[in-house]
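For reference, the structure is listed below as structure tokens.
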Amino acid sequence: MPALSRIRHIKLPVTDLARSVAWYRDLLDLQLAAEFKEQGVLRGAQLMHPSGFGIALREREFCANKPDLAGFDVFALEVDSVTDLHELATRAKELGAEHSEVTDRGAYGAFLDIIDPDGTVIRFLANNPIQPGRFVGVDSGPDGDFTLYDTPALG
């Protein structure tokens, strides 16, 4: 099998392309890398981070099944430290973006959720124990606490 080097981009359905392009650019310092038109009408855009990771956006009305991802964390981005999470939370607050508090769960790492203009949850992680070559099972209880386990249920 060919070697995979990274996820190139994720694509999100949005209700207002211009608003979402501005929001992601402002929050994450992404650059507009491409626009996509259909019969001369702008329908999508590709934003890129200097690391090579991208977020593609497409008008929901023109996506198959018009997916609504409100309330769901479709993907997570990792930062280097909990300090970085706090800096992101500050930036989100300055931009008026809805966000959670930074939550540090010790052995499970830390996270921050920022809600995009369409309600999609963008999760940011630091110190995440899930790494290549290591299995981590996570069992969440009714009170939101986590228990970690090391024997896979799926084999």
Side-chain angles (χ1 to χ4, degrees), residues 1-80 84-103 105 108-132 136-146 152-154:
M1 174 166 173
L4 300 176
S5 60
R6 69 173 174 248
I7 293 174
R8 178 64 175 174
H9 73 263
I10 54 93
K11 186 185 291 184
L12 298 172
V14 299
T15 55
D16 183 327
L17 184 61
R19 175 186 68 181
S20 292
V21 164
W23 189 88
Y24 279 97
R25 288 178 77 180
D26 289 346
L27 180 69
L28 301 175
D29 288 330
L30 301 177
Q31 298 298 311
L32 181 62
E35 293 179 342
F36 302 96
K37 292 183 177 183
E38 295 173 6
Q39 294 81 47
V41 179
L42 188 60
R43 298 284 187 231
Q46 172 84 32
L47 306 173
M48 296 295 293
H49 186 269
S51 69
F53 172 77
I55 295 178
L57 305 169
R58 179 163 171 79
E59 289 186 341
R60 180 183 301 155
E61 183 178 337
F62 300 96
C63 294
N65 298 320
K66 301 178 183 166
D68 182 350
L69 304 175
F72 188 66
D73 59 320
V74 179
F75 67 101
L77 299 173
E78 192 160 16
V79 297
D80 290 332
D84 289 341
L85 292 177
H86 285 287
E87 289 175 9
L88 267 169
T90 298
R91 185 174 191 132
K93 183 177 181 179
E94 289 169 355
L95 294 170
E98 181 183 351
H99 61 89
S100 70
E101 296 298 320
V102 172
T103 301
R105 295 197 169 181
Y108 187 66
F111 74 91
L112 165 69
D113 290 341
I114 301 178
I115 313 305
D116 85 356
D118 287 291
T120 302
V121 176
I122 311 304
R123 178 156 287 178
F124 295 87
L125 303 171
N127 305 326
N128 191 301
I130 301 171
Q131 302 292 328
V136 176
V138 181
D139 187 359
S140 56
D143 56 2
D145 287 339
F146 286 89
L154 296 173

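Numbers here simply count residues along the sequence, with the first being 1. Predicted, not measured: the structure shown is a model, and the values here were computed from it.
A search for salt bridge (charged side-chain N to carboxylate O under 4.0 Å, His left out) contacts involving Arg123 returns Asp73, Asp113, not counting sequence neighbours.
Contact annotation: the side chain of Phe111 never approaches that of Asn127 to less than 4.5 Å [non-hydrogen atoms, C-beta and beyond]. Considering only heavy atoms from C-beta on, Val136 comes within 4.5 Å of Val138 through its side chain. Residues Ser140 and Asp145 fail the side-chain proximity criterion, which asks for heavy atoms closer than 4.5 Å. Side chains of Ile122 and Phe75 form a contact here, defined as non-hydrogen atoms less than 4.5 Å apart.
Remark: Lys93 does not engage Glu98 in a salt bridge, criterion side-chain N to carboxylate O under 4.0 Å. Note on Arg91 versus Asp84: no salt bridge recorded, every NZ/NE/NH1/NH2 to OD/OE distance being 4.0 Å or above.
The SG atom of Cys63 sits 11.0 Å away from atom CG of Asp68, with the distance rounded to the nearest 0.5 Å. Between His99 atom NE2 and Leu112 atom CG the span is 7.5 Å, to the nearest 0.5 Å. With rounding to the nearest 0.5 Å, the separation of CD in Glu61 from CZ in Arg43 is 7.0 Å.
More than 12 heavy atoms of other shown residues, nucleotides or ligands fall within 6.0 angstrom of atom CD in Glu78.
Across all their heavy atoms, Leu57 and Val14 have their closest contact at CD2-CG1, 3.9 Å.
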